[in-house]
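Some notes on the structure that comes next.
Residue numbering restarts at 1 for every chain, and letters A, B, ... go by the order of the sequence lines.
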Number of protein chains: 2
Amino acid sequence: MAAHYQIDDLDRQILAALVDNARTPYAELAKLNGVSPATIHVRVEKLKQAGIITGAQITLDPQALGFDVCCFIGINLKSAKDYGRAIAQLNGLPEVTEAHYTTGHYNIFIKVRTRSIEELHQLLINRIQSIDEIQSTETLISLSSPIQRQISL
Amino acid sequence: MAAHYQIDDLDRQILAALVDNARTPYAELAKLNGVSPATIHVRVEKLKQAGIITGAQITLDPQALGFDVCCFIGINLKSAKDYGRAIAQLNGLPEVTEAHYTTGHYNIFIKVRTRSIEELHQLLINRIQSIDEIQSTETLISLSSPIQRQISL
DNA sequence: TATGAAAGACCGCTCCC
DNA sequence: GGGAGCGGTCTTTCATA
């Protein structure tokens, strides 16, 4: 992990291509950048060891799986020191895909996906607002997500 | 895209494994589930055609790349009908990794990554608050992200 | 130390049962 | 859904500057 590895233009090109499609053949990357496949391989290994590339995932379309509702929930705790316990409970809810400890209006900010508004309703009442450490919640429903991407370089 | 394809346990196992590691060999998936590699292949193709698997990405560690600051910004527009133009401008900012059209306190809700607080400051003043259609913004800085995952099945 | 070229192993794809 | 063969890709090794 250590210090930030200084990436160059070639690294940037490789990352951009692999973020777009993790299965891009090294030969293609090599041709696009005018280097040999071995060079691509060396660079990818370096990026992995630098901790920049953390893995490869397939991407799922939540809507195709029936998860039509995406929303953010701002959470206020009764006491800021309850943070750890609250997170542990939220972690047990598969619908929660992100949780952040934030400054600003809320103590914790989470992203949630459910199959329907009804399911969101039940989740909120039965599983989230019932967590002892939570004082109040505020829900922002995402009606559409026009931007969704990884950091660009 | 059409109707939701009904996935079974085998599909779920495959998806879970490939979300964890997109390079998991089909032979391994086959052995784990007591079926043949060809069956895995058929299932993966089916999931792709159903639009459930949308692709494969490498995952980047923003911090290893020097992007240490993650925050959410709630945006209120002067007029809700300016939505499209505001999104178009936000789309031009590489630091913006998500944008949602939301109900609740804000019209638009975005996720942003910068290398430093200073960079966030500049981004806010010079590139975001300077967008004509935007009336006001509210920033929530993420101090840590204890949960970060795709939907589980 | 980083690159270029080539050979080997592995995986995924396609046929047929 | 299972099994075998082909093609392609990744990986490794060696040579080079």
Worksheet item: Would you call the rings of B/His100 and A/Phe72 parallel, tilted or perpendicular, where under 30° means parallel and over 60° means perpendicular?
Response: perpendicular
Fill in: Residues A/Ser36 and A/Tyr26: side-chain donor-acceptor under 3.5 angstrom
no
Where the side chain of [X] is defined as all heavy atoms beyond and including C-beta, which of [options] is the nearest nucleotide?
| X | options | value |
| --- | --- | --- |
| A/Ser36 | D/dG2, C/dG4, C/dC11 | C/dG4 |
| A/Ala38 | C/dA5, C/dC11, D/dG2 | C/dA5 |
| A/Tyr26 | C/dT3, D/dG2, D/dC10 | D/dC10 |

Worksheet item: Looking for any heavy atom pair under 4.0 Å, which part of the strands does A/Val35 touch: base, sugar-phosphate only, or nothing?
Response: sugar-phosphate
Worksheet entry | B/Tyr101 ring center near B/Tyr106 ring center (under 6.0 Å) | no
For the pair made of [atom1] in [X] and [atom2] in [N], what is the distance, rounded to whole Å?
| X | N | atom1 | atom2 | value |
| --- | --- | --- | --- | --- |
| A/His41 | D/dT11 | NE2 | P | 5 Å |
| B/Lys31 | C/dG12 | NZ | C1' | 17 Å |
| A/Asn33 | C/dA2 | CG | C1' | 16 Å |
| A/Arg43 | D/dT11 | CZ | C1' | 18 Å |
| B/Asp9 | D/dG1 | CG | P | 13 Å |
| B/Leu29 | C/dC11 | CG | P | 11 Å |
| A/Ile40 | D/dC10 | CD1 | P | 11 Å |
| B/Glu45 | D/dG1 | CD | P | 15 Å |

Practice prompt. Could you pick out which residue, B/Thr24 or A/Thr39, lies toward the 5' side of DNA chain C when each is mapped onto its nearest nucleotide?
Written response: A/Thr39
Discussion item. It should be established whether B/Arg23 places a side-chain nitrogen or oxygen under 4.0 Å from OP1 or OP2 of nucleotide C/dC11.
Written reply: no
Discussion item. Do B/Arg113 and B/Phe67 form a cation-pi contact, if we require the NZ or CZ to be under 6.0 Å from the six-membered ring centre and within 45 degrees of the ring's axis?
Written reply: no
